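All ligand and atom numbering here is 1-based and tracks the order in the structure. Bear in mind the structure is a predicted one, so any value in this text is a computation, not a measurement.
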Amino acid sequence: MLGSGAREHALVAALAADPAVTAVVAAPGNPGMGTGEACLPVDLGDPRSVVALLDDRAGRGAAFDLVVVGPEAPLVAGVADAVRAAGVACFGPSAEAARLEGSKAFAKEIMAAAGVPTAMAHVCTTLEEVADALDAFGAPHVVKDDGLAAGKGVVVTDDRDAALAHAQTCLGSRPDAAVVVEEFLDGPEVSLFVICDGEEVVPLAPAQDFKRVGEGDSGPNTGGMGAYSPLPWSPAHLVDSVVDRVALPVVREMAHRGTPFTGVLYCGLALTARGLRVVEFNVRFGDPETQSVLARLASPLGRVLMAAATGTLADLGPLRWRPEAAVTVVLAAPNYPEAPRTGDPIGGLDAAAAVPGARVLHAGTALDATGTLVSAGGRVLSVVGLGADLDAARSVAYEAISRIHLDGSHYRGDIAARAAAGGVELVEA
Ligand code: AMP
Ligand code: GLY
């Protein structure tokens with residue numbers, strides 16, 4: 001398992017629970033995933049570093065059967081290509097196929113070719129083009145950096161000057177920079193992860209995440225402050241329509257171009273008054289949605305990811321799901337997302353994990369020189385509650401998180417609150 005966040009911790013836990021999996025090793029991992037040989041150092045940005053890890057294990061007679069890539073940056077850098085070239089099965093797309101996330105203009109091109117519903121957009125390389133596009137679409141304005149921007153590339157604003165300023169920053173960042181100006185999509189957002197083997201697709205359960213730092217969707221955007229699954233309010237046949245109208249057409253288009261997509265296609269969707277629209281694609285699991293989705297998956301995960309990596313999804317059979325609901329609440333360090341403070345001791349994890357139905361997943365944690373668990377990033381922990389329904393799952397997650405001590409930390413108290421009360425979560429980003 002390549003990566004070090006709570007998403008990867010959730011994947012490691014699900015893989016370890018698969019009776020067919022003999023061992024799971026994380027690189028670089030985090031203290032929640034284990035110590036010693038359970039977590040190996042690696043430079044995720046360098047495919048050679050990953051291959052060196054594989055060679056080292058193979059040389060010791062303990063070769064890996066499958067590599068699962070967590071974050072997008074290694075995929076865009078070609079890690080999956082290097083792993084496959086080294087003769088090891090890999091869950092994750094090639095660098096070519098990862099452009100679905102790595103370039104928003106490329107994603108738009110594929111969607112146009114495949115007839116996938118998405119926001120109208122203009123790809124702009126000058127500020128004049130941006131200004132024209134902003135005026136053509138009107139407010140609210142949506143301006144996106146074409147390339148990977150670690151969650152900071154998108155600005156949604158009513159303020160035309162702020163939209164122009166963001167475009168200027170993006171355009172000035174690289175000589176070949178481009179920005180995508182889009183029509184604003186109004187309506188609740190849904191994340192659906194679709195497992196792909198280059199040809200066949202298998203959808204997971206839909207989830208919804210909460211991107212703003214503050215309650216009531218206030219404050220700046222973050223990597224995600226919480227998530228839940230299932231979505232009791234979502235339309236019947238939502239998953240089928242995403243498979244038929246989005247995932248399959250994209251997978252066919254990618255195969256047709258000679259760059260088949262293997263791994264998970266994260267379909268970020270808006271359910272607008274005019275129907276389903278794709279907001280974005282990612283080429284990896286979402287964080288924190290994965291923590292909620294995997295808590296509900298009853299089928300063994302290793303088999304699913306291996307089938308995707310080896311082109312045998314057609315033989316997999318339907319996935320099984322637990323009837324329960326899952327709610328994930330993220331514990332963030334003080335000053336997250338601006339300038340998170342790190343290095344503070346974390347306590348109460350055993351008490352939190354002792355809440356029936358609760359699981360604590362690590363993200364930004366580290367062991368200091370004295371062996372004390374301390375914060376080491378903005379999003380420190382994900383606390384997942386599993387319960388009979390969303391209300392029960394919320395109670396589990398919030399009881400567990402209330403038992404954790406981290407000086408100055410914060411979390412949102414309203415994750416899945418409206419959905420649990422029978423409403424639609426009109427999450428705003
Ligand atoms: P992206 O990186 O493309 O996912 O954008 C980040 C967030 O910005 C999305 O999850 C949406 O909440 C918001 N967003 C992106 N594109 C649009 C759009 N066309 N209309 C409304 N909101 C958007
Ligand atoms: N939860 C949003 C993302 O993973 O991109």
With atoms numbered from 1 as shown, which atoms in ligand 2 lie under 4.0 angstrom from a non-hydrogen atom of [X]?
X: G286; value: 4 (O)
X: Y266; value: 1 (N), 2 (C), 3 (C), 4 (O), 5 (O)
X: D209; value: 1 (N), 2 (C)
X: N282; value: 5 (O)

Decide, yes or no, whether a salt bridge links [X] with [Y] under the criterion of side-chain N to carboxylate O below 4.0 Å.
X: R84; Y: D81; answer: no
X: E109; Y: R257; answer: yes
X: D240; Y: R245; answer: no
X: R274; Y: E183; answer: yes

Review point. Does R277 have a heavy atom less than 4.0 Å from any atom of ligand 1?
Key: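 It does not; every heavy atom stays at 4.0 Å or beyond.
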Under 4.0 Å to a heavy atom of [X] - the qualifying atoms of ligand 1, by number:
X: V142; value: 16 (N), 17 (C), 18 (C), 19 (N), 20 (N)
X: K144; value: 3 (O), 15 (C), 16 (N)
X: F184; value: 20 (N), 21 (C)

How about [X] and [Y]: does a side-chain donor come under 3.5 Å of a side-chain acceptor?
X: T222; Y: K211; value: no
X: S229; Y: R296; value: yes
X: S292; Y: T328; value: yes

Review point. Based purely on interatomic distance, does L185 place a nitrogen or oxygen under 3.5 Å from a nitrogen or oxygen of ligand 1?
Key: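 L185 vs ligand 1: N/O contact under 3.5 Å present.
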Nearest non-hydrogen atom to [atom] belongs to which of [options]?
atom: atom 8 (O) of ligand 1; options: D186, V143, V154; value: V154
atom: atom 15 (C) of ligand 1; options: D209, V279, T118; value: V279
atom: atom 2 (O) of ligand 1; options: R212, K104, K211; value: K104

Practice item. Kindly compute the distance separating CG (L316) from CE (M306), expressed to the nearest 0.5 Å. Key: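 Between L316 CG and M306 CE, I get 13.0 Å after rounding to 0.5 Å.
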Review point. Rounded to the nearest 0.5 Å, what separation is found between the CD1 atom of I346 and the CG atom of L406?
Key: 5.5 Å
Check your understanding: Cationic tip of R99 within the cone over F106's six-membered ring, i.e. under 6.0 Å and within 45° of the normal?
Key ->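 So R99 does make the cation-pi contact.
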Review point. Quick one: is the NZ or CZ of R284 closer than 6.0 Å to the six-membered ring centre of Y266, and within 45° of its axis?
Key: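 Here R284 passes the 6.0 Å and 45° test against Y266.
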Going by heavy atoms, is [X] under 4.0 Å from ligand 2?
X: E280; result: no
X: G224; result: no
X: F285; result: no

Review point. Between R7 and ligand 2, which part of the residue brings a heavy atom under 4.0 Å of the ligand: side chain, backbone, both or neither?
Key: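 Answer for R7: neither.
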Point to revise | atom 5 (O) of ligand 2: nearest protein contact (heavy atom, Å) | key: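 Of the protein heavy atoms, R284 NH2, 3.0 Å lies nearest.
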